[in-house]
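Some notes on the structure that comes next.
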Protein chains: 2
Amino acid sequence: MADQGGGRRDLAAMLHPFVRALVAAEMPVLARNGISMWGYIVLSALDGGPARTQAALAQAIGADKTRIIAVLDELQDAGFIVREPDPADRRARLLSITPAGHRMRTATQSEIQANENRVLTALPAADRRAFLRAVEVLSGLPHDEIAAGPAGPDAAG
Amino acid sequence: MADQGGGRRDLAAMLHPFVRALVAAEMPVLARNGISMWGYIVLSALDGGPARTQAALAQAIGADKTRIIAVLDELQDAGFIVREPDPADRRARLLSITPAGHRMRTATQSEIQANENRVLTALPAADRRAFLRAVEVLSGLPHDEIAAGPAGPDAAG
DNA sequence: TATTGTTATACTCTATAACTATA
DNA sequence: TATAGTTATAGAGTATAACAATA
């Protein structure tokens, strides 16, 4: 037998395929609305408030600053964001979402979360609520608090 | 203000960075034990029972069959698995874990889950148990049940 | 003819480095 | 000199296609 005993599977091993499937579920929604995944991520970030620099926006969404440039070009051409030079620092570009961008984000998110809610019906109501609470907490943890021990990787010296 | 109202963030948007951090946390553990991520995944799969073909193993772990070949070579050279021709079908290779491979997997998993458990202390005990129950259920859902609506993507015709 | 394992190739995504302009 | 944005390049990871052995 291949009994695993009382142990559980690794959290990452269980969640990784699940998240991949959730992302796959977003693809047709995004395609139907004519927006890319990064475009949707950027739009979601700017819907929470404008950004003073592209680098700050990139950092906020965990992306490289060079990677969002083409995304911003597309969103700007589509009229979903405005990118205007900062009068106070002409190197920087002030980024903000437009009403059209807000509508696009809201509509797209509504479809995405409708599917997520459908998936979550696999859980009993109490566990569903607790799961959502837990995800909110865990997603708020800093990366380094998850990836490194409490004292950090170079605490042995 | 950028008030999000009573809505929640997307599940995928919250879980993706969290899973990335969990995976990042595994990296130094795997490196210290001298095994790759894919090697650990394969070892974990074979620790649950032998595989009759490499293709079946690849499918079981959600990988391409061409991608695990180098991984199997490494694991075999390290003495963690045995890969022997199937006498009944000389095209196929029977895959199984060795005692050394089992020890490696157990030790590595112990370290990985110790860190995961440390992270989970961010949750109250009841939510932590509910979260683990929920993850078990959700990770058991078929990919297509998550990625597609209940009727499938081509049910409109 | 179909399937297993393998190798070789091409493609996608991402990070790094180099450049321009402002400060 | 340092920083914001941009572009060009290189690298890792992955999937697709073609091949040899066996069924």
Can you pull out the residues from residues 20-41 of chain B that lie within a 4.0 Å heavy-atom distance of DNA chain C? none

In short, ring-ring contact (aromatic ring centres under 6.0 Å, His included) pairs touching residues 35-66 of chain B with sequence neighbours left out are none

Those residues of residues 65-92 of chain A lying under 4.0 Å from DNA chain D by at least one heavy atom: A:Lys65, A:Thr66, A:Ile69, A:Arg83, A:Arg91, A:Ala92

Sequence neighbours excluded - side chain to side chain donor-acceptor pair (under 3.5 Å) pairs with any residue from residues 119-132 of chain A: A:Asp127-B:Arg133

Any non-hydrogen side-chain atom of A:Arg93 less than 4.5 Å from a side-chain atom of A:Glu84? no

[atom1] of [X]: more than 12 outside heavy atoms within 6.0 angstrom?
X: B:Gln59; atom1: CD; result: no
X: B:Arg83; atom1: CZ; result: yes
X: B:Arg67; atom1: CZ; result: yes

B:Phe131 meets the ring-ring contact (aromatic ring centres under 6.0 Å, His included) criterion, sequence neighbours left out, with A:Phe131

Checking the side chain of A:Glu74 only, and the main-chain atoms of A:Ile69 only, is there a donor and an acceptor separated by less than 3.5 Å? no

Using a strict 4.0 Å threshold on nitrogen-to-oxygen distance, state whether A:Arg9 and B:Glu136 make a salt bridge. no

With distance as the sole criterion, is a donor-acceptor pair present between the side chains of A:Asn33 and A:Arg105 under 3.5 Å? no

Just report the end-to-end axis angle for the helix from C:dT1-D:dA23 to C:dA23-D:dT1, five pairs per end, to 10 degrees. 10°

Using whole Å, report how far CG of A:Asp64 lies from C1' of D:dA12. 15 Å

Could you state the CD-P distance from B:Gln54 to D:dA21, rounded to the nearest angstrom? 17 Å

